Protein chains: 2
Amino acid sequence: MVTLADVARRANVSKMTVSRVINHPEQVTDELKKLVFAAMHELDYRPNVAAKALAKNRTQIVKFFILEEISTVEPYYMNLLLGISLALSRHQYSLQLVANNSFDLGVCDGYIITGMRKSDYEWISRIEKPVILFGENLYGYDFVDTNNKKGGMLSTRYALSLGYDKVVFVGIDLKEAFEYSRERGYIQVMQESLKEPEIVRVENHSHKSQEMLQKNWEKYPKNTAFVCASDRIAVGIERAIQEKGANIPDDYGIIGYDGIFLDQVVSPRLTTIRQDVAKLGEICGEMLLNKIEQKGKKQGFKLLDPMLVKRETTRRKGGSEKS
Amino acid sequence: MVTLADVARRANVSKMTVSRVINHPEQVTDELKKLVFAAMHELDYRPNVAAKALAKNRTQIVKFFILEEISTVEPYYMNLLLGISLALSRHQYSLQLVANNSFDLGVCDGYIITGMRKSDYEWISRIEKPVILFGENLYGYDFVDTNNKKGGMLSTRYALSLGYDKVVFVGIDLKEAFEYSRERGYIQVMQESLKEPEIVRVENHSHKSQEMLQKNWEKYPKNTAFVCASDRIAVGIERAIQEKGANIPDDYGIIGYDGIFLDQVVSPRLTTIRQDVAKLGEICGEMLLNKIEQKGKKQGFKLLDPMLVKRETTRRKGGSEKS
DNA sequence: TTGTAGGCGTTATCAG
DNA sequence: CTGATAACGCCTACAA
């Protein structure tokens, strides 16, 4: 195993100079830096994480809390984790996952928390180490999310542009910020278009949205588009329409939200709002590492713009659009 | 921070005695052990992972390699990861995820690898640190999986018991061990029942199995059951049958394989073979930790029995069965 | 069975 | 700007 000392010997400097080249390069002359880098490269030096952690009184571990029922967790979480892990690895951090509401905080340098609901506010506020939330919130916690309002605007605007007469928002029956933001985007675009918003909310299960539409079928005449707050909901809407024998996308349009996995596995494939979840994960990781580095300093929030993915549950305007 | 030294002082023993109580309790008298445990408890002592790692020349890190295209990865991987992480955490290990075929092995104590194909054999065999595969293989690597043959037998036997006349196996178009095992289970039960096996293979996408069935619809008369090698495939089969306006489960039965997420999100809900993926993950983690502890000693393999989950894509025999 | 001394690889601190 | 020294908390090896 190559250590700092080996590199130091090779470069004819002290261990401290090597250490500084790594951690405080601005304190070292360019000349020495060059020498040291060369030596590190020749010897293929890999810093020893444990030693660093010990010396700095760190763990180099981040915990990822999933507060939702794991069975209802969206499949895109896998991508989120990949992104997080990527960012952490770059800084020699690694990951522990915590689910099932085991409130044991354990030993680590910081937390990424997802699926926070109002009721979690209290105990999260007690955590002393740095925390970043995945998912927007109104409690002042630092967070990362897609721009949910923009997502709602994107899909609504697109539905209107395709000439659907009635555009209904099918939301998730949760009083949470991300949901309100998507609805706000919908409402804003509707009002700008001088249309009356119409929102219905269901649990985030395909069978619930399916049931909702079956029961209220007569409320939705032909030429209606359903702008949904999740792909799960969109899938249920799609099934209900198919059951009625109506035509998708000519009579009815559907736009989902999430764009990972589920959208691909139905037929016709969902037009949806895609979030770059892996990227979001990366940003989460970086933000947390910064916060750790800065002794818990507030980081604010970061919103990533979502994209519209045009597929088979909405009409074509004509022209060639990507599938 | 409470250290070994603090505990030692409190218990009026040396640091080494405390260390021994933790790592080699058999070398310490019961009397002292009691004292030490009491002291640890009173002080809420938590061992410092970094220090331990440094002293033992370990990293306390395990890498998880995903060799499949991440976009085709099954949603159940999230549960697998939770299981792995749980096992690792118990032994103060943490996790790094690696995807996108970045062949950088990095620094860690061992690897869990999933999605290995024949072409990966070569480079995996070069890895010096302990490796456990998730997914059965014929190359002598230690692995953890469900009993795929048993899974194939379970679903085939159930289909036959429900009186479906023809029972067809819709497999995944991959020359891999897990697929062969599922097929073997199917074939064995068919032969025991003096029925002719009939196997068709498609890519593991719902649209592919759907297409297959659309094209070959006339081959499958009423009273056929499709035993599928994945829920994805089963979902496509279900859609194709519905398109034809045939009745599920009376005219046609469907049984999937995996039992996480996808089975719940279609309608009617899939009868399927469920794997306890989180448990599998836990076992993976434990097996790897053992292997690390035993300096790379061969661990063999561990198969977990899958379960049949009876839902709505197969007939009822009568009686009350869980949904 | 228990204790002592030394070292694991890194970084902070202080001196030059 | 660079170097020597002393931690960081634990474990191995050896001594008692």
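The sequence lines fix the lettering, A, B, ..., with proteins before strands; numbering per chain opens at 1. Please read these numbers as outputs of a predicted model, since none were measured by experiment.
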Subject >> Near-ring test Phe65(A)/Tyr111(A), centroid separation under 6.0 angstrom >> reply: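 Between Tyr111(A) and Phe65(A), the centre distance is under 6.0 Å.
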
Original post:
Is the Phe143(B)-Phe134(B) ring centre distance short of 6.0 angstrom?
Top reply: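 Not close enough - the centres of the two rings lie 6.0 Å or further apart.
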
Let me have the donor-acceptor pairs involving side chains of residues 26-35 of chain A, under 3.5 Å, with sequence neighbours excluded, atom names and distances please.
unit_1, atom_1, unit_2, atom_2, d
Asp30(A), OD1, Lys33(A), NZ, 3.4
Lys33(A), NZ, Pro25(A), O, 3.2

Subject >> Sugar-phosphate only, base, or nothing, as touched by Glu31(A) at under 4.0 Å among non-hydrogen atoms >> reply: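 No contact.
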
**OP:** Tell me, yes or no, whether the heavy-atom count around Lys297(B) atom NZ, taken from other residues, nucleotides or ligands under 6.0 Å, exceeds 12.
**Re:**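 Counting neighbours around NZ of Lys297(B), 12 or fewer heavy atoms of other residues, nucleotides or ligands fall under 6.0 Å, so no.
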
Original post:
Between atom CD in Gln92(B) and atom P in dG9(D), what is the gap in whole Å?
Top reply: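 Atom CD in Gln92(B) sits about 15 Å away from atom P in dG9(D).
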
Subject >> Distance in angstrom units between Gln27(A) CD and dG16(C) P, rounded >> reply: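 Between P of dG16(C) and CD of Gln27(A): 19 Å.
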
Original post:
Do NZ/NE/NH1/NH2 and the carboxylate oxygens of Lys291(A) and Glu286(A) come within less than 4.0 Å?
Top reply: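 Salt bridge absent between Lys291(A) and Glu286(A).
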
Subject >> Degree of bending in the helix from dT1(C)-dA16(D) to dG16(C)-dC1(D) once both end axes are built from five pairs, to 10° >> reply: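 That helix has its two terminal axes inclined by roughly 30°.
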
**OP:** Identify, with sequence neighbours excluded, every residue that meets salt bridge (Lys or Arg N to Asp or Glu O under 4.0 Å) alongside Asp276(A).
**Re:**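 Asp276(A): no salt bridge (Lys or Arg N to Asp or Glu O under 4.0 Å) contacts found.
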
Original post:
Which nucleotides of nucleotides 4-14 of chain C have their base under 4.0 Å from a protein heavy atom (B), which only their sugar-phosphate (S), and which neither (-), written as one string 5' to 3'?
Top reply: B---BBBBBB-

Original post:
Which pairs count as salt bridge (charged side-chain N to carboxylate O under 4.0 Å, His left out) when at least one residue sits in residues 126-140 of chain A, sequence neighbours excluded?
Top reply: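 Salt bridge (charged side-chain N to carboxylate O under 4.0 Å, His left out) check on residues 126-140 of chain A returns Glu122(A)-Arg126(A).
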
Original post:
With sequence neighbours left out, what residues match Lys298(A) under side-chain hydrogen bond (donor to acceptor under 3.5 Å, both in side chains)?
Top reply: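 Partners of Lys298(A) under the side-chain hydrogen bond (donor to acceptor under 3.5 Å, both in side chains) test: Asp142(A).
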
